[in-house]
Amino acid sequence: MTSTVTVSGIGGPRLTLGFDRFDRLDIDRHLAVHGKLRAPGLDDLVRMAEQVDLRGRGGAGFPFARKLMAVAARIRHPAADRAELLPGERGGERGSSENAVVVVNGAEGEPGSSKDKVLLGRAPHLVLDGAQIAAAALGTQRIVVAVEDEDAARSVRAAIRERRMPARVVRLTERFISGESGAVVQAINGEAPIPPGVKVRASDSGVDGYPTLLSNTETFAQLAVLVSLGPDLYASAGTDDEPGTTLLTIGGTRVVEAPYGTPLRTVLDHCEAPPSPGVLVGGYHGTWLDPAGVSRAVLSRAGMRRVGGTVGAGIVLPLGQGTCPLGEVTRIASYLAAQSAGQCGPCRLGLPDVVRSLNALTEGAGTVEDVRRAAGVGRGRGACTHPDGTARFVLSAMEAFGADIDAHRWGAGCGLSTYGVLPLPVPDGSEGRVAIDWSRCDGHGLCAYLVPELIQLDRYGFPVVLGTDIPAWMEKDVQKAVAMCPALALRVVTGVPGAPSRR
């Protein structure tokens, strides 16, 4: 909910211009604040984007000009001219630019991110300006805004009506992996909203098989600002190599617009964030920085790389004092394991093994080497980036929280409880977990054979259950295991641990 998010800025506002006066900029307020923008031709737009090195703000940081040129090249040289077509393509329809599609990726399934919801909720016309500028350059009117949050979707629909523009809004499932470009395309196409498992560039074959320009919400807003200001004035903020500003979500509840080149410490001080044993940058697929790294980190791609961090999707999560760092890391890793699409080994088996190794480390029965081994098994072999991103999050924690890990390794623990300060979706009561009725279990072991992702046997042959929510893709397998348990000992419980059995 964007209404609970505080918005502020360091330096002069651009994306957030007018936020100090208006809760939401309707079309009249938007035109009064930003004016009516011209639509440059394709060559001019590419030149402007290249001049300021405009990058995607969704996490990957891909150059926007290259995406734009890839779609334009696809229109000019359609697949019909080639001997072979990509799957789903329909030959002679590729020659017309009207078949190109512009997609605003408003998916924000990561719990710690709010910046795109804020933009869509409060400045929807700035985002739509950018989308229309890109569409005009490509010679198309086909624009799709893909969004998860209902408030944001309502705001965009209202803005589309105000502009009387031929665009549509598609609601996405609220899942961590929903924002992956392939998952967005599949959702728009009415298919399963998960990464497709096979890398197909949207510029080659995207929505309905047409060349598609897909980029993050903030990227299109930045494009509108660039056209409004021009490259020189746009570059008056930020650094020489990375001009402009960017939006950050701090602690999941505060959105800050800041110029590139701003020290991370300045951003945290601006938000009155207390001292912390570690700060997560780039979100749950990002990396942890220890206090020394935080003091040297600068808000830019190059500045973050120098300390081993990443800007990513602009998510900054200070851990804060008083909670167990290793417990928090294990809690998030468990969530990420349950959020996978379950379509490859690194997710189905690799991520649960990472959680098991973290549980063992927390209890003093495992080692850092065990965690590193589990995290490294599937590296580079997943159907999407989810297992690699999760491994990066976990492995960076092994470096950032060495003292806390040492306390756990000797079995005494760090003396702190895990308070759950890192944001996760609010449970709706439907989440299920596997549980064992120990008064019935006779160690038959069938459950571990049927759902090895969630249950393994100890050295005595009794089941050890992984304490994560049941992933959606495993629900049928779990139901089968419950039905087939010879001792009727396997259960699925809902809600908090200890809740009544669902079946």
Side-chain angles (χ1 to χ4, degrees), residues 59-60 87 109-110 173 175-187 191-200 283-287 329-361 366-398 432-434 445-458 463-482 484 490 492:
E110 181 151 351
T173 304
R175 290 185 63 185
F176 186 87
I177 59 173
S178 297
E180 197 271 343
S181 60
V184 172
V185 169
Q186 293 223 136
E191 302 171 19
I194 60 175
V198 178
K199 182 63 176 178
V200 178
Y284 292 159
H285 277 178
T287 54
V329 170
T330 303
R331 174 173 164 266
I332 300 304
S334 299
Y335 160 75
L336 294 173
Q339 285 290 301
S340 80
Q343 56 186 343
C344 66
C347 270
R348 290 181 68 100
L349 297 171
L351 295 187
D353 278 347
V354 171
V355 176
R356 290 187 183 96
S357 67
L358 286 169
N359 284 332
L361 185 62
T367 66
V368 171
E369 289 68 29
D370 294 335
V371 176
R372 288 175 176 154
R373 189 179 305 111
V377 166
R379 186 176 298 178
R381 295 188 291 170
C384 68
T385 61
H386 186 59
D388 283 0
T390 303
R392 181 165 50 248
F393 165 81
V394 170
L395 291 174
S396 68
M398 298 299 101
R433 292 191 176 192
V434 172
L446 181 61
C447 56
Y449 174 79
L450 293 173
V451 284
E453 300 90 347
L454 296 179
I455 302 175
Q456 291 188 351
L457 301 181
D458 64 17
V464 178
V465 176
L466 185 69
T468 65
D469 291 342
I470 300 169
W473 53 269
M474 279 203 68
E475 288 182 352
K476 290 184 179 179
D477 290 338
V478 170
Q479 290 171 2
K480 179 180 178 181
V482 170
M484 293 182 66
L490 198 61
V492 173

Does a side-chain heavy-atom distance below 4.5 Å link [X] with [Y]?
X	Y	result
Leu466	Asn359	yes
Glu191	Pro196	no
Ile455	Leu490	yes

Rounded at 0.5 Å granularity, tell me how far [atom1] in [X] sits from [atom2] in [Y].
X	Y	atom1	atom2	value
Leu454	Met474	CG	CE	4.0 Å
Leu457	Cys447	CG	SG	6.5 Å
Arg331	Leu336	CZ	CG	11.0 Å
Gln339	Tyr284	CD	OH	11.0 Å
His386	Phe176	NE2	CZ	6.5 Å
Arg348	Trp473	CZ	CH2	4.5 Å

Any donor-acceptor pair under 3.5 Å from [X] side chain to [Y] backbone:
X	Y	value
Asp353	Gly350	no
Arg175	Ser340	yes
Gln186	Ile194	yes
Glu180	Thr385	no
Thr390	Pro387	no
Arg379	Asp388	no

Inset, instruction - Take Arg433 and Val478 through the side chain to side chain contact (heavy atoms under 4.5 Å, CB included) test and state the conclusion after the steps. - result: CA-CA 10 Å; Arg433 292 191 176 192; Val478 170; over 6 Å; no

Looking only at heavy atoms, which two atoms of [X] and [Y] are closest? And how far apart?
X	Y	value
Pro352	Glu453	CB-O, 3.3 Å
Val434	Val465	O-CG1, 3.4 Å
Pro471	Ala337	CG-O, 4.4 Å
Leu361	Gly366	CD1-O, 3.5 Å
Val371	Val394	CG1-CG1, 3.5 Å
Val184	Ser178	CG2-O, 3.2 Å

